[in-house]
Amino acid sequence: MSGLDPEDWNGLRALGHRMLDDMIDRLVHLREQPVWQHMPDALRAELRAPLPEAGMPAEAVYEDFQRLVAPYSVGNTHPRFMGWVHGGGTGIGMLADLLAGGLNANLGGRDHAPIEVERQVVRWAAEMVGMPSDSSGLLVTGSSMANLIAVLVARRHAAGPEVRTHGVDGARLVGYAAASAHGCIPRAFDIAGLGTGALHTIPCDGNQRMDVDALRQAVARDRDAGELPFLVVATAGTVDTGAIDDLSALADFCAAEKLWFHVDGAFGALAALSPRLRQGLAGIERADSLAFDFHKWAQVPYDAGCIVVRDPALQAQTFAQSLAYLTREDRGTAGNAPWPADLGPDLSRGFRALKVWMTLRTYGSAEIGRMVERCCAMAAHLEARIHAEPELELLAPVTLNIVCFRVRHLNGAEVAESVDWDRFNSELVKDLQESGIAVPSTTMIGGHRAIRAAIVNHRTETGDIDMMVDALLRLAAARGACAP
Ligand SMILES: *Cc1c(COP(=O)(O)O)cnc(C)c1O
């Protein structure tokens, strides 16, 4: 044995082949498995062990993985997982992660091909939405981090270089996002030192889109009060309903008011790959910065978020440092500046770009666009089922792939007003999740607890939608029979 490498490479090779076969079998037989099941307490307890002092054969560790971990994942690879907004992953993405692990590349900086792959992926991201090809960017954990980076770049733009030494220090910077914006936007304001109070919430219109007139009034009012409006965060595909803010109108407004125009397109930005859907995103190409995820609608395995910034110099001015132990050279391994570490908070960074690069090249953007359209067609099928079932009520317009609805009647007859429908629907969703048949999640729409089905998984078919609805109606009837 030399270092930590095995004496017998053939043993590791055989184990690796077994893992690969098992994982591909898992994908082949997904439909036969429950979407999700609760991990028994006894197994949780088994995971709680002291730091292992002595090692054990890797085969035995793998058996524990198969027994303790694999059966109790959240289920987002399964075609009937419709909860939250989770991507389904692909076989090729899984294999790319194996290759990335083998290379063990660190993409903080230096002169190597993996960084060129990441730069290429960022150029493709810009091209996808029509932003300039010399935009800069990074692959990050997810849109939460990408949105935070955008807020920091916008803050640096508004407050100048001093903000990096002095902090925000009394500057009365205020930003704007719709009530429908994702919770990571106020969190970014918090982490950026602006405080969540510096994010002013703009109401939505009846279609869950930011009310642009209300934004105009808020900015005018804040300017009169001596505040410094600096940033508007638009959402392309809101987390609750999939609504897309009027990006063209917001781009016009931001240009006229000299405000940073950021778009959170976490999943919705992928609609740009569909010729039919991309017009709904018109204006996204004018963004100063864009955050979105490859791990949601592009089906790249977790984690893979992306930030794209129109002005490359500004992104570097927001993060770059000069440190002796990270000196950039004109040649040798320390060349190839600027380094990704200059563009965000991380120094050591994994090779996320490989799984994105291999996914986009394997399927091509057109096929990804068709898959996005198929997900929307599944949402339309669900919407039609909801209209056809007297028990069900649609709670929000369906823009893309998210459907919010609830059970509001039982057996076609309205039940006494005393039924707590919020509680009924919450409990019903838990029943359905525990049945293993399908996993939607819940949210609040217009003050009502909604069942939320986000069709993000490329494997979901109409039969899966029907199974979900049929199971829901069956469970609702059963629960209704003993309803309070
Ligand atoms: C999922 C989501 C986020 C957060 O993205 P993560 O990748 O989970 O960090 C932000 N905004 C919207 C609209 C989202 O759907």
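Note that this is a predicted model, so its numbers are computed, not measured. Each ligand, and each atom within it, is numbered from 1 in the order the structure gives.
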Verify the ring-centre separation between Phe230 and His157: is it less than 6.0 angstrom? no

Of the protein's non-hydrogen atoms, which lies at the shortest distance from atom 10 (C) of ligand 1, and what is that distance? His182 CG, 3.3 Å

Would you please test Asp293 and Ser143 for side-chain hydrogen bond (donor to acceptor under 3.5 Å, both in side chains) and show each step? CA-CA 6 Å; Asp293 284 317; Ser143 286; 3.0 Å; yes

I need the nearest protein heavy-atom contact for atom 5 (O) of ligand 1: residue, atom name and distance, please. Ser143 CB, 3.2 Å

Numbering as shown, the atoms of ligand 1 that approach Phe267 to under 4.0 Å (heavy-atom distance): 15 (O)

Report, in ascending order of atom number, the atoms of ligand 1 lying under 4.0 Å from any heavy atom of Gly237. 13 (C)

Quick one: which ligand 1 atoms are inside 4.0 Å of a heavy atom on Gly142? 7 (O), 9 (O)

I want to know if ligand 1 touches His295 in the polar sense, i.e. an N/O pair below 3.5 angstrom. yes

A quick test of your reading: do over 12 heavy atoms of other residues, nucleotides or ligands sit less than 6.0 Å from CZ of Arg361? no

Reported CZ-to-CG distance for the pair Arg459 and Leu27, which is rounded to 0.5 angstrom: 5.5 Å

Nearest non-hydrogen protein atom, atom 7 (O) of ligand 1: Asp293 OD2, 2.7 Å

Considering non-hydrogen atoms of the protein only, which is the closest contact for atom 1 (C) of ligand 1, and what is the distance? Lys296 NZ, 1.3 Å

Taking the side chain as every heavy atom from C-beta outward, state whether Val439 and Met82 have any pair of such atoms under 4.5 Å apart. no

Decide whether Arg449 and Thr442 meet the rule of one side-chain donor and one side-chain acceptor closer than 3.5 Å. yes

How close does the nearest protein non-hydrogen atom get to atom 11 (N) of ligand 1, and which residue and atom is it? Asp264 OD2, 2.6 Å

Does His381, at its NE2 atom, have more than 12 non-hydrogen atoms belonging to other residues, nucleotides or ligands within less than 6.0 Å? yes

Of all the non-hydrogen atoms in the protein, which one sits nearest to atom 9 (O) of ligand 1, and at what distance? Ser144 OG, 2.6 Å

Within reach of ligand 1, part of Met145 (heavy-atom separation under 4.0 Å): neither

Judged by modelled atom types alone, do His448 and Asn425 share a side-chain donor-acceptor pair under 3.5 Å? no

Is there a donor-acceptor contact under 3.5 Å linking the side chains of Thr241 and Thr238? yes

Against ligand 1, does Cys184 come closer than 4.0 Å with any heavy atom? yes

Taking atom 12 (C) of ligand 1 as the reference point, the nearest protein heavy atom with its distance: Ala266 CB, 3.2 Å

